[in-house]
Colleague: 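Handing you this structure, nothing more for now.
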Amino acid sequence: MYLLGEQPAYADTLINRLQNLPSRLLEGLSPCGPALAFAAVDDLATLLPDDQLFLLDSGLLHGCIEERALFYLHEGDLLGLRQDVEWPYWRLRSDGPLSLLPYARAEVFQHIYADTGRAELFLQYLLGQTALLSDAVA
């Protein structure tokens, strides 16, 4: 994840650290199907099943909350963690082609929580993403 606009001094270091965590979390777990390929999309969430998480294999996604562009995601980012029925609308859009590796959501969480090291990495990933998004809206 990268923030749009002015970033706090620590952002680059945190972003670099967070970028490799999803692939480490998924080590030893196989995708549940072939990579999904998309051309430019206006709202990616409407095209993806709720029972899967996705590793962004290639491409760039722009993240908007209530139509305000705040961040973008690129190779190595994890998609689909947010299951938001009552939260502010979060739209992921792309101007170019994307490739996503699908993983069964339940299997990902079982895999992560089966190992305390992976569980700690997942917590670090979530807290880091939260810190970046908090700064983006502040």
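Keep in mind that the numbers below use all heavy atoms, side chains included, and drop hydrogens, waters and symmetry copies. Along the sequence shown, residues carry numbers from 1.
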Colleague: Which atoms form the tightest heavy-atom contact between Asp115 and Gly117, and what is the distance?
Modeller: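 Smallest interatomic distance, heavy atoms only, reads OD2-N, 3.0 Å.
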
Colleague: With distance as the sole test, does Ser94 use its side chain to make a donor-acceptor pair with the main-chain N or O of Val41 at under 3.5 Å?
Modeller: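 Here the side-chain-to-backbone pair does not exist.
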
Colleague: Membership question, hydrophobic clusters at under 4.5 Å side-chain separation (ILVMFWY): are Phe109 and Leu101 in the same one?
Modeller: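 As far as the 4.5 Å side-chain criterion goes, Phe109 and Leu101 are connected within one cluster.
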
Colleague: What's the separation between atom CD in Gln110 and atom CG in Leu29, rounded to the nearest 0.5 Å?
Modeller: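 So the CD of Gln110 and the CG of Leu29 are separated by 9.5 Å.
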
Colleague: Would you please test Leu48 and Phe38 for side-chain contact (heavy atoms from CB on, under 4.5 Å) and show each step?
Modeller: CA-CA 11 Å; Leu48 301 177; Phe38 298 96; 3.9 Å; yes

Colleague: About how many Å separate CG of Leu73 and CG of Leu79, when rounded to the nearest 0.5 Å?
Modeller: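 Leu79 atom CG to Leu73 atom CG measures 6.0 Å (nearest 0.5 Å).
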
Colleague: Out of curiosity, Ser30 OG to His111 NE2, how far, rounded to the nearest 0.5 Å?
Modeller: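 Those atoms lie 9.5 Å apart.
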
Colleague: Show your reasoning for whether side-chain contact (heavy atoms from CB on, under 4.5 Å) applies to Leu100 and Asp57.
Modeller: CA-CA 5 Å; Leu100 306 174; Asp57 190 43; over 6 Å; no

Colleague: Measure across Pro31 and Tyr103 and return the closest heavy-atom pair with its distance rounded to 0.1 Å.
Modeller: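 Scanning both residues completely, I find the closest heavy atoms to be N-CE2, 3.5 Å.
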
Colleague: Hey, is Asp50 close enough to Arg105 for a salt bridge, meaning N to O under 4.0 Å?
Modeller: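 Result for this pair is no, no salt bridge flagged.
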
Colleague: Determine whether a donor-acceptor pair (N or O, by modelled atom type, separation under 3.5 Å) exists between the side chain of Arg91 and the backbone of Asp42.
Modeller: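 Confirmed, Arg91 side chain pairs with Asp42 backbone.
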
Colleague: Side chains of Leu98 and Leu61: does their closest heavy-atom pair fall under 4.5 Å?
Modeller: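 They are in side-chain contact.
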
Colleague: Could you give the distance from CG (Asp51) to CD (Glu107), rounded to the nearest 0.5 Å?
Modeller: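 Asp51 atom CG to Glu107 atom CD measures 10.0 Å (nearest 0.5 Å).
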
Colleague: To the nearest 0.5 angstrom, please state how far the CG atom of Leu78 sits from the CD atom of Gln19.
Modeller: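 Nearest 0.5 Å value for the CG-CD distance: 11.0 Å.
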
Colleague: Measure the CG-CZ distance between Leu36 and Phe54 for me, rounded to the nearest 0.5 Å.
Modeller: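 So the CG of Leu36 and the CZ of Phe54 are separated by 5.5 Å.
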
Colleague: Any side-chain heavy atom of Leu127 within less than 4.5 Å of one from Phe122?
Modeller: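 SC-SC contact between Leu127 and Phe122 ruled out.
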
Colleague: Mind checking whether Tyr113 and Leu123 sit in one hydrophobic cluster, side chains of I, L, V, M, F, W, Y counted as touching below 4.5 Å?
Modeller: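 Unlinked, Tyr113 and Leu123 end up in two clusters.
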
Colleague: Closest approach of Pro102 and Ala35, non-hydrogen atoms and distance?
Modeller: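 Answer, listing the atom of Pro102 first, then Ala35: CD-CA, 4.2 Å.
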
Colleague: Taking all non-hydrogen atoms of both residues into account, name the closest pair between Leu14 and Ala131 and its distance.
Modeller: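 Closest approach of Leu14 to Ala131: CD2-CB, 4.3 Å.
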
Colleague: The test is side-chain contact (heavy atoms from CB on, under 4.5 Å); show your working for Leu92 and His62 and say whether it passes.
Modeller: CA-CA 6 Å; Leu92 296 174; His62 301 272; over 6 Å; no

Colleague: Looking only at non-hydrogen atoms, find the nearest pair between Gln52 and Cys32 and report the distance.
Modeller: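 Minimum heavy-atom separation between Gln52 and Cys32: NE2-SG, 3.6 Å.
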
Colleague: Heavy-atom distance under 4.5 Å between the side chains of Leu126 and Leu81, does that happen here?
Modeller: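 They are in side-chain contact.
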
Colleague: I need the minimum non-hydrogen distance between Asp77 and Gln129, along with the two atoms involved.
Modeller: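 Heavy atoms of Asp77 and Gln129 come nearest at OD1-NE2, 4.4 Å.
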
Colleague: Once the angle between the rings of Tyr72 and His74 is folded into 0 to 90°, is it parallel (under 30°), tilted (30 to 60°) or perpendicular (over 60°)?
Modeller: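 Ring orientation, 0 to 90° scale: tilted.
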
